[in-house]
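Structure first, then comments.
None of the values given here were measured: they were computed from a predicted structure.
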Amino acid sequence: PMKLHLDGKFIGKATVAAVVYLLCFGIVMAVLPVRPFWNDEWRLIYNIKFKTPAQLWGRLDLLQECPRVYLILIKKITAAFDYSYTALRLPPLIISCFSFLLLFYLVKRIFDKGSIYGYLWMLIIISSQTFTDYMVQVKQYEMDIFLCLLVFWQYLELLDIARDGVGSRLRFLLLCATVLVVPYFSYMYPISFA
């Protein structure tokens with residue numbers, strides 16, 4: 001029987017290639033109108049376009065649900081570009097880019113250098129159907145994924161504080177601020193944090 005030997009460099013390069021491919025795929029999807037909006041996206045876009053920010057704090061039409069601060073942020077961004085296709089697709093793509101960056105940071109921080117397990121963990125996340133399907137959708141799911149990854153960073157910071165003390169006050173204040181502000185952008189974050 002042939003044994004398969006995977007080294008960290010190969011998996012690392014494959015991971016970078018997968019990220020570059022997904023970014024290119026996302027950019028094409030965001031810039032060129034090749035993908036129609038899903039039904040629930042149209043319903044959310046209706047609320048974003050026709051409700052004021054104050055009304056978005058209330059009940060949404062067409063049985064939609066979304067974290068209100070995230071929804072208002074999307075409204076502000078997309079309204080500046082007259083709710084164009086690209087303006088609606090770009091915010092989730094940018095959030096996905098932050099997820100990629102945070103994943104690379106977490107892999108370096110959690111796993112040993114050259115370890116294939118960190119890259120495999122990253123590949124599992126970015127190849128999941130949730131990540132790839134919602135990468136350019138006008139929904140909060142990419143924000144949920146990003147903020148659930150942020151929980152890993154917060155946990156690592158808390159472990160450092162438990163081990164070394166508070167250390168930098170700015171770092172500690174940043175950690176506290178994220179814990180207080182982030183729940184307004186995601187329904188999943190409090191569950192992940194708990």
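- One side chain, Q154 or Y189, offers a donor N or O that lies under 3.5 Å from an acceptor on the other.
- Scanning all heavy atoms of the two residues, the minimum distance from K51 to L56 falls at CB-CD2, 3.8 Å.
- A donor-acceptor distance shorter than 3.5 angstrom exists from the side chain of R68 to the backbone of G58, with no hydrogens or angles considered.
- For F131 and F100, the ring centers are positioned less than 6.0 Å apart.
- Surrounding CZ of R35 are more than 12 heavy atoms belonging to other residues, nucleotides or ligands, all under 6.0 Å away.
- Shown here for L102 and L150, the closest heavy-atom pair between the two residues is CD2-N, 3.6 Å.
- For the pair D133 and K139, the salt-bridge criterion is not met [side-chain N within less than 4.0 Å of a carboxylate O].
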* To do: Give the C-alpha distance, both sets of side-chain angles, the deciding distance and a yes or no for ring-ring contact (aromatic ring centres under 6.0 Å, His included) between F37 and Y85.
  => CA-CA 9 Å; F37 291 111; Y85 176 89; 5.4 Å; yes

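- Contact check for I11 versus M122: no side-chain heavy atoms found under the 4.5 Å cut-off.
- The environment of L63 atom CG is sparse: at most 12 non-hydrogen atoms of other residues, nucleotides or ligands sit within 6.0 angstrom.
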* Step by step, work out the side chain to side chain donor-acceptor pair (under 3.5 Å) result for K75 and Y83. => CA-CA 8 Å; K75 179 176 182 61; Y83 305 100; 3.0 Å; yes

* Could you please spell out the steps behind the salt bridge (Lys or Arg N to Asp or Glu O under 4.0 Å) verdict for E65 and R43? => CA-CA 10 Å; E65 197 55 52; R43 292 176 179 196; over 6 Å; no

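- S96 and M135 get closest at one heavy-atom pair: OG-CG, 3.4 Å.
- Ring geometry, F50 versus Y46: the interplanar angle falls from 30° to 60°, so the pair is classed tilted.
- Aromatic ring pairs are classed by plane angle as parallel below 30°, tilted from 30° to 60° and perpendicular above 60°; the pair W121 and F111 is tilted.
- Here I110 contributes atom CD1 and W153 contributes atom CH2; the two are 13.0 Å apart, rounded to the nearest 0.5 Å.
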* To do: Decide side chain to side chain donor-acceptor pair (under 3.5 Å) for Q129 and Y134; before the verdict, give the C-alpha distance in whole Å, the side-chain angles of both, and the deciding distance to 0.1 Å.
  => CA-CA 8 Å; Q129 186 175 1; Y134 296 108; over 6 Å; no

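- In terms of heavy atoms, Q137 sits closest to P92 at O-CG, 2.8 Å.
- Under the 4.5 Å side-chain criterion, counting only non-hydrogen atoms from C-beta, V19 is in contact with F104.
- Rounding to the nearest 0.5 Å places OH of Y141 at 8.5 Å from SG of C66.
- Nearest heavy atoms, P91 versus I77: CG-CG2, 4.1 Å.
- With no hydrogens or angles considered, no side-chain donor-acceptor pair links Q140 and S186 at under 3.5 Å.
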* Can R109 and D160 be said to form a salt bridge (Lys or Arg N to Asp or Glu O under 4.0 Å), step by step? -> CA-CA 12 Å; R109 187 140 178 220; D160 288 349; 2.2 Å; yes

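- Residues I126 and T132 have side chains not in contact (no heavy-atom distance under 4.5 Å, counting atoms from C-beta outward).
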